[in-house]
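Report on the structure given below.
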Amino acid sequence: MGIMARDLASGDDAGRRGSTRRGSTRELDARDAGRGRGAGTRGRGDAGLTESAERFFVSSRCRPDGVQRGVVGEIISRFENKGMVLKALKTYACPKAVAEEHYRDLSSKPFFGDLVDYICSGPVVAMIWEGPGAVKSARLMIGATNPLESAPGTIRGDLAVEVGRNVIHGSDSVESAEREIALWFGDEVGCVDWQPTITPWVRE
Ligand code: DAT
Ligand code: MG
């Protein structure tokens with residue numbers, strides 16, 4: 001597991017933190033319910049993470065102006081409407097060390113300092129979404145890095161005009177999603193193991 005946000009933020013020993021609530025909120029397995037097989041549960045081992053269901057990390061980077069525009073609800077709606085499942089969400093004041101770790105691959109870029117300052121300048125809403133092919137699908141929904149090159153209908157294509165204010169971050173691979181989830185959500189305390197009851201109407 002990668003480095004965790006709170007390690008960077010506070011030097012905390014993640015391993016000493018309290019027990020995970022993951023798995024304590026067991027939901028009716030929507031597929032079983034839909035097929036009349038009764039109230040099954042999903043343990044961590046298959047918490048919606050079948051080989052066809054990936055997790056995807058999204059942060060809607062909202063400075064005060066972004067919050068005023070109210071794009072967080074719009075972004076959530078788009079992923080919900082697509083049929084992805086929201087596994088975790090939090091509003092977060094991003095410490096500089098977390099931002100630098102998150103964007104470490106870009107540390108040699110001339111805009112790195114401005115990017116880090118920007119991410120730390122206001123509340124960030126971090127989310128974990130899950131669904132089949134979630135990484136590729138969500139990247140298509142988000143659109144190109146430069147909003148002026150993002151297709152209409154994409155989040156950036158519809159909601160942004162400048163690369164430095166492109167509204168949303170999304171993981172670019174399954175590996176980076178897991179790294180970013182570990183960074184932002186640590187051991188996933190508070191993440192909910194659930195599936196919507198309408199799952200059989202969204203997925204075969
Ligand atoms: P993406 O966010 O589409 O994965 P990226 O990982 O290449 O794109 O870059 C991360 C962020 O860095 C991007 O969302 C906005 C910022 N950025 C990228 N290229 C930039 C540039 N040329 N000038 C200013 N900011 C840039
Ligand atoms: Mg990227």
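For clarity, every value in this text was computed on a predicted model and none was experimentally measured. Positions are given from 1, in the same order as the sequence printed here. Every number for a ligand or one of its atoms is a count from 1 in the order of the listing.
- Heavy atoms of Arg139 found under 4.0 angstrom from ligand 1 belong exclusively to the side chain.
- Considering OH of Tyr103 and NZ of Lys109, their distance stands at 14.0 Å, rounded to 0.5 Å.
- When Tyr118, Phe112, Phe111 are ranked by how near their heavy atoms come to atom 26 (C) of ligand 1, first place goes to Phe111.
- Residue Arg165 does not touch ligand 1, judged by heavy-atom distances below 4.0 Å.
- The minimum heavy-atom distance between Cys120 and Cys94, with the atom names listed, is SG-O, 3.2 Å.
- Of all the listed residues (Asn146, Thr145, Val167, Asp172), Thr145 holds the heavy atom that lies closest to atom 3 (O) of ligand 1.
- Nearest heavy atoms, Met127 versus Val72: CE-CG1, 4.4 Å.
- Each of Val135, Leu89, Ile76 was checked for a side chain to side chain contact (heavy atoms under 4.5 Å, CB included) with Trp129, and the lone residue meeting it is Ile76.
- The distance from the CZ atom of Arg203 to the CD atom of Gln195 is 7.0 Å, given to the nearest 0.5 Å.
- In this structure, Lys90 satisfies the cation-pi test against Tyr92, with its NZ or CZ atom closer than 6.0 Å to the six-membered ring centre and inside 45 degrees of the ring normal.
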Legend entry - Intermediate values then yes/no, salt bridge (charged side-chain N to carboxylate O under 4.0 Å, His left out), Arg78 and Glu74: CA-CA 6 Å; Arg78 289 184 181 221; Glu74 165 90 27; 2.8 Å; yes
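- Every N/O-N/O distance between His169 and ligand 1 stays at or above 3.5 Å.
- With ligand atoms numbered from 1 in the order given, ligand 1 contributes 1 (P), 2 (O), 3 (O), 14 (O) to contacts under 4.0 Å with heavy atoms of Arg156.
- Against a heavy-atom cut-off of under 4.0 Å, Tyr103 is close to the following atoms of ligand 1: 10 (C).
- Interface atoms of ligand 1 facing Leu115, defined by a heavy-atom separation under 4.0 Å, are 12 (O), 16 (C).
- The residue among Leu106, Val116, Asp114 with a heavy atom at the shortest distance from atom 10 (C) of ligand 1 is Leu106.
- Here Asn166 has side-chain heavy atoms under 4.0 Å from ligand 1, and that is the only part of it that gets that close.
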